[in-house]
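Beneath this line is the structure, given in structure tokens, with notes to follow.
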Amino acid sequence: MGKKQTETLVGAFVLLGMLAVLFLALKAANLASFSFGATYPLLARFDNVGGLKVGAPVKSAGVAVGRIASISFDNKTFQGLVTMDIERHYAFPTDTSAKILTAGLLGDQYLGLDPGGEDKNLQSGDTIKMAQSAVILENLIGQLLYSKAAESPSKEGTGKK
């Protein structure tokens with residue numbers, strides 16, 4: 001193998017490594033399937049947004065239809081206000097519901113849209129009326145432990161000494 005051929009192989013290997021690092025960085029930043037198409041904003045209010053992050057996908061039927069644009073706190077309703085950018089070619093009925101879901105058991109959270117059956121569609125800037133907050137694993141475990149503690153019989157009143 002000549003020196004020139006070795007240098008070419010090393011260069012190709014370094015380039016492949018750089019592409020792999022770029023791919024991992026995009027995956028970690030949740031931008032691997034980013035779209036530059038036209039979008040329109042929709043809003044939803046949640047009592048608890050959990051670990052939802054800006055840039056997280058918005059999915060319907062398992063298909064990414066948009067991204068979370070911003071998450072803020074509404075001082076009047078004391079709720080989390082989530083703004084999502086939905087790709088323009090997807091239209092959702094006015095009775096669409098939104099819920100915060102988790103990818104896998106302990107994966108990242110995303111917003112799921114369940115379309116309703118109305119004839120009229122949501123317009124740019126509309127608010128989704130039906131929103132289900134994130135399920136917090138710590139709260140579920142706490143409720144389970146509390147219910148198990150309430151079920152266990154008390155040993156004080158058994159009369160045993």
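T127 places no side-chain N or O within donor-acceptor distance of the main-chain N or O of A44, the cut-off being under 3.5 Å. Using a distance-only test at 3.5 Å, with no hydrogens or angles considered, no donor-acceptor pair links the side chain of R45 to the main chain of Q79. Side-chain N or O atoms of Q123 include one that pairs as donor or acceptor with a backbone N or O of N121 at under 3.5 Å. Under a 3.5 Å cut-off, the side chain of Q109 and the backbone N or O of G51 do form a donor-acceptor pair. Judged by distance alone, with hydrogens and angles left aside, the side-chain atoms of T83 form no donor-acceptor pair with the main-chain N or O of A69 at under 3.5 Å. At distances below 3.5 Å, not a single donor-acceptor pair connects side-chain atoms of D85 with backbone N or O atoms of I68. The main-chain N or O of N48 is found under 3.5 Å from a side-chain atom of S133 such that the two form a donor-acceptor pair.
Between I141 and L144, every side-chain heavy-atom pair lies at or beyond the 4.5 Å cut-off. Counting heavy atoms from C-beta on, the side chains of K99 and D114 come closer than 4.5 Å. Residues I71 and L81 are not in side-chain contact: their nearest non-hydrogen atoms beyond the backbone lie 4.5 Å or more apart. Between V63 and Y90, the closest side-chain pair of non-hydrogen atoms falls below 4.5 Å. When side chains are defined from C-beta on, F23 does not count as touching V21, because their heavy atoms never get closer than 4.5 Å. Between T8 and V10 the shortest side-chain heavy-atom distance does not fall below 4.5 Å. The closest side-chain heavy-atom distance from D95 to M130 is below 4.5 Å. Side-chain contact between L43 and V82 is absent, with no heavy-atom pair separated by less than 4.5 Å.
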- Task: Evaluate side-chain contact (heavy atoms from CB on, under 4.5 Å) for L9 paired with T6, printing each intermediate quantity in order.
- Result: CA-CA 5 Å; L9 284 174; T6 304; 5.8 Å; no

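To the nearest 0.5 Å, the span separating NE2 on H89 from CD on E87 amounts to 4.5 Å. Rounding to the nearest 0.5 Å places OH of Y110 at 8.0 Å from OG1 of T102. Residue S70 holds its OG atom at 9.5 Å from CE of M84, rounded to the nearest 0.5 Å. With rounding to the nearest 0.5 angstrom, the CD1 atom of I86 is 6.0 Å from the OH atom of Y40. The CD1 atom of I100 sits 5.0 Å away from the CG atom of L52 when rounded to the nearest 0.5 Å.
Within a 6.0 Å sphere centred on CZ of F73, other residues, nucleotides and ligands contribute more than 12 heavy atoms.
The two residues P93 and G116 make their nearest non-hydrogen contact at CG-O, 3.5 Å. Across all non-hydrogen atoms, the minimal contact from A98 to I128 is N-CG2, 4.0 Å.
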